[in-house]
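The structure appears below as C-alpha cells.
Reminder, nothing fancy here: chain letters follow the sequence lines and each chain counts from 1.
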There are 2 protein chains.
Amino acid sequence: MSAAEETAGGEAAPWGEVTPDAARRLLVAAVEAFAERGYHATTTRDIAGRAGMSPAALYIHYKTKEELLHRISRIGHEKAVDILRTAAQTEGTATERLAEAVSSFVRWHAGGRTTARVVQYELDSLGPDARAEILALRRQVDAEVRGIIEDGVEAGEFDVPDVPGTTLAVLSLCIDVARWFNVNGSRTPDEVGELYADLVLRMVGAG
Amino acid sequence: MSAAEETAGGEAAPWGEVTPDAARRLLVAAVEAFAERGYHATTTRDIAGRAGMSPAALYIHYKTKEELLHRISRIGHEKAVDILRTAAQTEGTATERLAEAVSSFVRWHAGGRTTARVVQYELDSLGPDARAEILALRRQVDAEVRGIIEDGVEAGEFDVPDVPGTTLAVLSLCIDVARWFNVNGSRTPDEVGELYADLVLRMVGAG
DNA sequence: GCTGCGGGTGAGCGAGCGCTTAGAGTGCCC
DNA sequence: GGGCACTCTAAGCGCTCGCTCACCCGCAGC
C-alpha cells in the first residue's frame, strides 16, 4: 500500500518504512541477532549493543522484546505476499508466472536470508494473538501460489494430481532455502532461483 | 520393563539403546520439550518435570543440558543415515531406490516429527565440536541421495542438469516436512511420503 | 535565559536460569 | 549387620535475564 521506493538490487533495506531512525537501527540489529542465534538466545543487551545504544533505549521504541519480533515478522510476511502477488498478477502463461513467482521468492529467501530466517523460523516464539495475525498472512501466501497452479491446470499447461499438496511442496521448497543458503557458498541467489524455478516446473509437469 | 525394543509402528521408540531407564526417560522428555519450545526456551526444570524427576536428577545422567541435545542429535542423524543407506542399497532401478529413499525419509520426518524437528532445527544450538561431528553425518546423508541420483543419470533413467543442486533440493524438500507437518492434519505420513516420492521423480525427469 | 519535552543513559530490581552440594533411601556383597 | 555404590532429592549458589526508574542532554518557543 506504500509508495514504491524499491531499488534495483532491492532487498537490502526493506526497513525504510520504520521510523524514527533509532527505532530502525534497533530493528535491523534485532533481525541480525535473531537470525544468528535465535529469538530466545538473543538478549536485549545484545540488540541494543549492535545498534550502538544502551539496553534501556530499546524500551523507548518498543514495549517488549516480543514486539520487535512481531514487527519484523509482519513486515517480512507482507513483503513475501507482495512478491508472490506481483508475480501472480503479471501478464503471461501460468508457466511463466509460476517460474517468476518461484525464482523471485527464492531470491528473496536466499539474498535476504537473515530476514527470511527470522520470518520463517521464529513464528512459534510469538504470543497467540501475534501468531494468529501472521498465520493469516501465510494463508495469503499459500493462496497466491495455489492460484497460479490452478490456472495452469485449467489451461492444460500443468499436470498436477494433488493441487493442495503440490502447493505445499512448492512453498516448502522455497522457504527451506532460508535454512541452508550460505552467503559464502558457491551459488548466488539468482542461480538458486533459476534452478528452483526449473525444478518446480518439472514438479507440475509443465511442458 | 524389559529390553523389547522395536515395535511394528517402529518410529515411536528409537531410544531403546539409551540406558538406564531414567536416562532414557529424561532424553525422551527433552526431545518433546525441545520440539515444542526450542532448545533455548526449554529449562532443565521442565525436562526433569516431564520425566517425573527433580531438576538435580538430570545431572546424574548428563553433564549439561547441551549434552542432551548432542545425544539426541547424534542418534537422530544416525537414524537418518540408516534410513537412506538402506533405501540406497536395496535391489532395483535408481528410480525405485530414489522413490523408496524419499518416501521412507519423509515418513520419518512426518511420523517422528517431534524428533526430526530437534534434529534438523537445533543444530546451531550445539557447540563447535558437537556441531562438527553432526555435520559429518549430514554429509553422509547428502552422499547417499546424490549417489542414487548419479546412478540414475548414468543409467539414463534421469535427466538432471545440476546433480548437486537437485540433491540439495530433494533433501531440503524432505527435511522441511518436519516444519509444517501436522499443522494441516489431513494427511498421514504415508500419504505425504507417496506424494513427495512422485514429486521428486518428476524433478529428476524419471520416466 | 528559562522551560518543556522527546530521546537517551547508568544503575539496578525481581525472577528464573543452569548447575552444585550435602545427604537420604535402597539393594548387594562380604 | 556393616560398608559401599548407585540413584535421587531439597535447598540454594552465582549469574544473567527482561525490564524499570531517576536523571541528563540538546533544542524550540517565548
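- For A:Ala30, the side chain to side chain contact (heavy atoms under 4.5 Å, CB included) test picks out A:Phe34, A:Ile47, A:Leu68, A:Ile72, with sequence neighbours left out.
- The existence of a salt bridge linking B:Arg50 and B:Glu36 is confirmed by a sub-4.0 Å separation between a basic side-chain nitrogen and an acidic carboxylate oxygen.
- In this structure the side chain of B:Pro189 reaches within 4.5 angstrom of the side chain of B:Phe181, judged on heavy atoms.
- If you check residues 28-37 of chain A against DNA chain C, you find no residue with a heavy atom closer than 4.0 Å.
- B:Phe105 pairs by the ring pair (Phe, Tyr, Trp, His ring centres under 6.0 Å) definition with B:His109, not counting sequence neighbours.
- Between the CD1 atom of A:Ile60 and the P atom of C:dG8 there is a distance of 6 Å, given to the nearest Å.
- The separation between A:Met53 atom CE and C:dG6 atom C1' is 12 Å, rounded to whole Å.
- Between A:Asp151 and A:Phe158 there is no side-chain heavy-atom pair separated by less than 4.5 Å.
- For A:Lys65 and A:Tyr59, the positive end is not near the middle of the six-membered ring at less than 6.0 Å and at most 45° from its axis.
- At a threshold of 4.0 Å, the pair B:Arg85-B:Asp82 does not count as salt-bridged, since none of the basic side-chain nitrogens sits closer than that to a carboxylate oxygen.
- The shortest non-hydrogen separation linking B:Glu191 to B:Ser186 is OE1-O, 3.9 Å.
- Counting only heavy atoms from C-beta outward, the side chains of B:Arg24 and B:Val28 approach each other to under 4.5 Å.
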Does the protein touch nucleotides 14-29 of chain C at the base, only the backbone, or not at all? Give it as B, S and - per nucleotide, heavy atoms under 4.0 Å.
---BBBBB--------
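- Residues meeting the ring pair (Phe, Tyr, Trp, His ring centres under 6.0 Å) test with A:Tyr62, sequence neighbours left out: none.
- First and last contacting nucleotides of DNA chain D toward chain A (any atom under 4.0 angstrom from a heavy atom, 5' to 3' order): D:dC17 to D:dC21.
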